[in-house]
Amino acid sequence: MRWSQYFIPTLREDPADAEVISHKLLLRAGVIRQLSAGIYSYLPLGQKIALKVMQILREEMNAIGGQEFYLPALHPAELWQESGRWQAIGDDMFRLKDRKGSDLCLGMTHEEVFTSIARNELRSYKQLPQVWYQIQIKFRDEARPKSGLMRLRTFIMKDAYTFDIDRAGLDVSFAHQREAYKRIFSRCGIQFLIVEASSGAMGGSESNEFMARTPAGEDLIVNCASCGYAANLEKATSRVPTIEDQSGPAGPEEFPTPGVRTIEDLTTFPGGAEASRQIKSLVFVATEGDENRTVLVLMRGDHQLHETKLADGIRATAVRPAHPEEIRDLLGASPGSLGGVGAKEKAKAAKIELKIVADSSLKSRSNMTTGANKDDHHLRGVDIARDIQVDEWLDLRTVESGEGCPRCEIGTLEVFKGMEIGHIFKLGTKYSESMGATVLNQDGRPVPIVMGSYGIGVERIITAAVEQRHDDDGIIWPKSLAPFDVVVTITNIKQDAVREAGEKLYGDLQRAGLDVLLDDRDERAGVKFKDADLIGIPYRITIGKKAPDGIVELFDRQTKANTDVKLSEVVAHVQKLALSCI
RNA sequence: CGGGGCGUAGCACAGCCUGGUAGUGCGCUCGGUUUGGGACCGAGAGGUCGGAGGUUCGAAUCCUCUCGCCCCGACCA
């Protein structure tokens with residue numbers, strides 16, 4: 001390809017709308033352009049890169065027996081009503097009506113469509129397992145599209161689904177996918193880690209997220225360098241040293257605490273207590289379908305509640321902090337003076353059903369201090385087992401950097417940002433049961449197919465690669481994703497000998513099977529070097545002054561090493577380099 | 001959906017407070033000089049100032065409404 005004829009609109013300056021590095025570089029390198037919020041066009045370079053990602057996805061899916069489909073992006077509402085997700089999913093789904101007034105939606109994922117094919121066509125356990133996948137456009141009406149290609153409203157996704165006769169089969173299929181995912185991300189030059197994740201509204205028993213570490217990421221990951229334990233903050237646990245309490249009074253003692261509103265206030269209040277000896281009391285309203293439940297959450301004073309853990313723990317679809325009026329109606333006091341002692345009775349009097357859950361780090365604690373459910377009063381000497389009617393003990397605490405690893409005895413946890421680049425789920429029978437996808441087992445009885453679902457975002461891979469592989473001069477594509485293998489830079493096309501040497505080399509490299517970009521533009525050398533660095537082609541061959549003497553320069557984009565090579569040997573040299581790994 | 005910011009030439013921005021000829025840099029076109037890390041000189045082209053309504057003799061500038069984009073938060077199969 002000749003640069004002079006190829007469309008690579010590079011930008012010298014950072015576009016004003018771009019904040020994160022990958023977004024800036026993808027725009028500046030002429031890879032993408034924005035059409036609207038969360039909607040981007042791939043320019044020719046971008047299309048080449050995306051195709052390379054997709055090719056890797058295909059190869060690795062096929063290698064584990066995957067069969068490629070191509071399913072519609074436009075779905076009838078009935079399908080989603082069957083699985084229950086037409087109602088379960090809110091505004092994230094693009095919905096529309098056809099001319100007859102029928103409800104349709106744009107697919108945000110394809111469990112329903114694949115399951116409908118499975119139920120119509122799969123009859124016997126003998127046909128299982130099946131591994132089906134597609135590379136398809138997805139639509140999600142994101143509340144807040146952002147960060148370039150990181151959070152999009154329409155994007156390309158490789159989604160795979162496995163169909164097995166039983167849990168054991170699913171475990172095998174899941175493991176195959178997991179290994180394939182590792183190979184995919186490695187081949188794309190991305191450093192990643194696999195974390196335990198919350199399945200969320202997707203349902204199912206187990207899920208792993210593949211996370212790429214980058215400050216632009218939206219998720220928090222907990223990692224132990226010693227043993228490799230890794231988990232999403234939503235799921236992570238840690239070791240906390242147990243606290244030995246001194247024996248307290250025979251019962252709680254109320255004492256006045258005028259003006260004390262926070263845990264911090266009470267630590268400095270005369271007769272107060274340090275944060276780890278306080279019980280933090282939080283009132284939440286949990287929703288599950290149309291049902292609202294009131295929950296009193298008890299945490300150690302110096303610990304932070306993680307709301308997703310709470311929602312997961314009490315099996316609610318959503319939780320929100322109760323409003324001050326709701327709290328007053330329930331416990332007769334304002335936030336700052338709340339506590340678990342006598343809370344059940346107060347709630348009963350207010351005719352409100354109250355569930356009390358407590359973080360496990362509070363178990364068997366005694367001589368604690370907490371609010372008295374009476375403004376400006378607290379209780380000390382509280383023994384949780386004796387004085388508070390806890391309905392359920394849960395892990396609700398937010399893990400913090402520096403805490404002990406829960407899996408190994410020596411490790412210390414680090415918390416950092418990452419972006420989700422892949423997610424694999426053991427779905428189980430959620431969809432096959434709701435949609436009636438069964439096969440006959442060996443006993444001739446219909447059983448629901450056991451499913452798994454596995455997704456990778458193409459744009460997320462591209463974003464992660466750029467986030468992890470760039471320098472001040474631009475993108476450093478891994479060889480596997482680079483839009484060209486090598487760029488040949490003719491420093492001055494007006495010097496005939498130099499230009500002709502470049503033209504000849506261009507042809508030679510192409511005949512050697514390399515994808516070559518020939519920079520034959522009538523520009524100064526500096527401009528060409530800057531552009532080549534920016535768009536991140538792995539190798540650059542500079543045809544300059546020494547060309548008439550049979551010498552060219554080979555520049556390695558990643559290491560920035562610039563070496564003289566004989567013109568007669570450079571083709572073989574680059575060919576060897578381009579074929580070596582990532 | 002809540003909070004904040006911004007819409008002026010292809011890109012980055014100034015001008016707005018205090019109403020009166022629409023500007024700067026980069027890019028683009030032409031000519032010349034240059035030619036190894038985003039050259040220089042000269043001459044040009046290019047703008048319904050996001051849109052609608054209003055105030056005014058006069059609106060990029062003031063007021064109202066509206067659309068769009070970005071950031072923080074909520075949300076995120």
Side-chain angles (χ1 to χ4, degrees), chain A residues 9-20 23-24 27-28 30 33-40 75 80 83-86 88-94 105-113 138-148 150-153 155 157 159 161 197-204 207 209 216 218-219 232 234 307-308 311 317-321 419-420 423-425 427 430-431 453-455 457 472-474 489-495 498-499 519 521-534 540 542-547 552-553 555 560 562:
Chain A
T10 57
L11 302 173
R12 292 192 183 205
E13 293 176 273
D14 284 339
D17 282 348
E19 187 85 4
V20 303
H23 190 196
K24 289 179 183 173
L27 287 167
R28 285 190 54 209
R33 284 294 183 265
Q34 182 172 29
L35 184 61
S36 181
I39 306 178
Y40 284 81
H75 305 172
W80 289 75
S83 70
R85 290 161 106 194
W86 184 262
I89 296 172
D91 294 334
D92 282 353
M93 187 151 67
F94 279 107
C105 65
L106 297 176
M108 48 201 302
T109 175
H110 281 74
E111 278 78 11
E112 280 80 358
V113 185
K138 307 284 182 196
F139 297 90
R140 288 182 198 178
D141 193 358
E142 287 286 348
R144 185 146 97 83
K146 58 181 245 191
S147 305
M150 190 169 306
R151 182 161 289 272
L152 295 166
R153 293 198 289 173
F155 56 95
M157 188 173 186
D159 47 325
Y161 305 84
S198 165
S199 306
M202 195 70 184
S207 95
E209 279 175 332
E218 302 177 297
D219 292 286
N232 194 303
E234 296 170 357
E307 290 191 20
T308 307
T317 43
V319 294
R320 65 161 173 87
M419 73 180 282
E420 181 183 342
H423 203 157
I424 57 180
F425 297 88
L427 291 177
K430 176 182 159 94
Y431 295 90
S453 144
Y454 318 87
D472 290 345
D473 292 314
T489 301
I490 299 173
T491 54
N492 189 340
I493 61 160
K494 288 184 176 148
Q495 293 169 3
V498 174
R499 191 188 67 244
D519 195 347
R521 294 175 298 168
D522 185 10
E523 289 285 353
R524 294 165 66 88
V527 172
K528 298 188 178 195
F529 295 154
K530 286 286 184 189
D531 271 345
D533 287 352
L534 178 60
R540 184 184 80 217
T542 309
I543 312 283
K545 299 184 188 96
K546 289 171 273 185
V552 296
E553 288 161 42
F555 178 79
K560 295 199 159 177
N562 204 14

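First the proteins, then the strands, lettered A, B, ... as listed; each starts at 1. Just so you know, these numbers use all the heavy atoms, side chains as well, and skip hydrogens, waters and symmetry mates.
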Ignoring hydrogens and angles, does a donor from either the side chain of [X] or the base of [N] sit under 3.5 Å from an acceptor on the other?
X: A/D531; N: B/G38; value: yes
X: A/R140; N: B/A77; value: yes
X: A/E553; N: B/G36; value: yes
X: A/E13; N: B/G25; value: yes

Judged by each residue's nearest nucleotide on RNA chain B, which is more toward the 5′ side, A/R153 or A/G455? A/R153
Closest-nucleotide mapping onto RNA chain B: is A/G148 or A/T491 further toward the 5' terminus? I mean the 5' end. A/T491
Among the candidates [options], find the nucleotide nearest to the side-chain atoms of [X].
X: A/K494; options: B/A77, B/C71, B/U34; result: B/U34
X: A/A143; options: B/C75, B/A12, B/U35; result: B/C75
X: A/F555; options: B/G37, B/A77, B/G38; result: B/G37
X: A/V527; options: B/G38, B/C76, B/G36; result: B/G38
X: A/T10; options: B/A77, B/G38, B/C69; result: B/G38
X: A/A37; options: B/U35, B/G38, B/C69; result: B/C69
X: A/Q34; options: B/G68, B/G38, B/C70; result: B/C70
X: A/R524; options: B/A77, B/G38, B/A39; result: B/A39

Whole-Å gap separating [atom2] ([N]) and [atom1] ([X]):
X: A/F529; N: B/A39; atom1: CZ; atom2: P; value: 12 Å
X: A/F155; N: B/A77; atom1: CZ; atom2: P; value: 11 Å
X: A/I493; N: B/U34; atom1: CD1; atom2: C1'; value: 15 Å
X: A/R151; N: B/C69; atom1: CZ; atom2: P; value: 17 Å
X: A/D14; N: B/C71; atom1: CG; atom2: P; value: 14 Å
X: A/E19; N: B/G4; atom1: CD; atom2: C1'; value: 13 Å
X: A/K546; N: B/U35; atom1: NZ; atom2: P; value: 18 Å
X: A/D141; N: B/C76; atom1: CG; atom2: P; value: 14 Å

Distance between the [atom1] atoms of [N] and [M], in whole angstroms?
N: B/U21; M: B/U61; atom1: P; value: 13 Å
N: B/U29; M: B/A45; atom1: C1'; value: 7 Å
N: B/G7; M: B/C16; atom1: P; value: 13 Å
N: B/U48; M: B/U55; atom1: P; value: 25 Å
N: B/G10; M: B/C71; atom1: P; value: 23 Å
N: B/G68; M: B/C62; atom1: P; value: 23 Å
N: B/C11; M: B/G47; atom1: C1'; value: 14 Å
N: B/C17; M: B/A77; atom1: C1'; value: 49 Å

Indicate, with a heavy-atom threshold strictly under 4.0 Å, whether [X] touches base, sugar-phosphate, or nothing.
X: A/P9; answer: nothing
X: A/R28; answer: base
X: A/S83; answer: nothing
X: A/K138; answer: nothing
X: A/Q495; answer: nothing
X: A/D92; answer: sugar-phosphate
X: A/R320; answer: nothing
X: A/M157; answer: base
X: A/S36; answer: sugar-phosphate

Is the centre of the A/F139 ring less than 6.0 Å from the centre of the A/H75 ring? no
SB check A/K146 A/E218 (cutoff 4.0 Å): yes
Can A/K560 and A/D473 be counted as an ion pair, charged N to O under 4.0 angstrom? yes
Please give the nucleotide sitting opposite B/U29 as a Watson-Crick or G-U wobble pair, both distances under 3.5 Å, or none. B/A43
If pairing requires Watson-Crick or G-U wobble contacts with both distances under 3.5 Å, which nucleotide is the partner of B/C6? B/G68
Got more than 12 heavy atoms from elsewhere within 6.0 Å of CG, A/D91? no
Out of A/R85, A/M93, A/E112, which residue meets the side-chain contact (heavy atoms from CB on, under 4.5 Å) rule with A/C105? A/M93
Phosphate OP1/OP2 of B/A74 contacted by A/R144 side-chain N/O (<4.0 Å): no
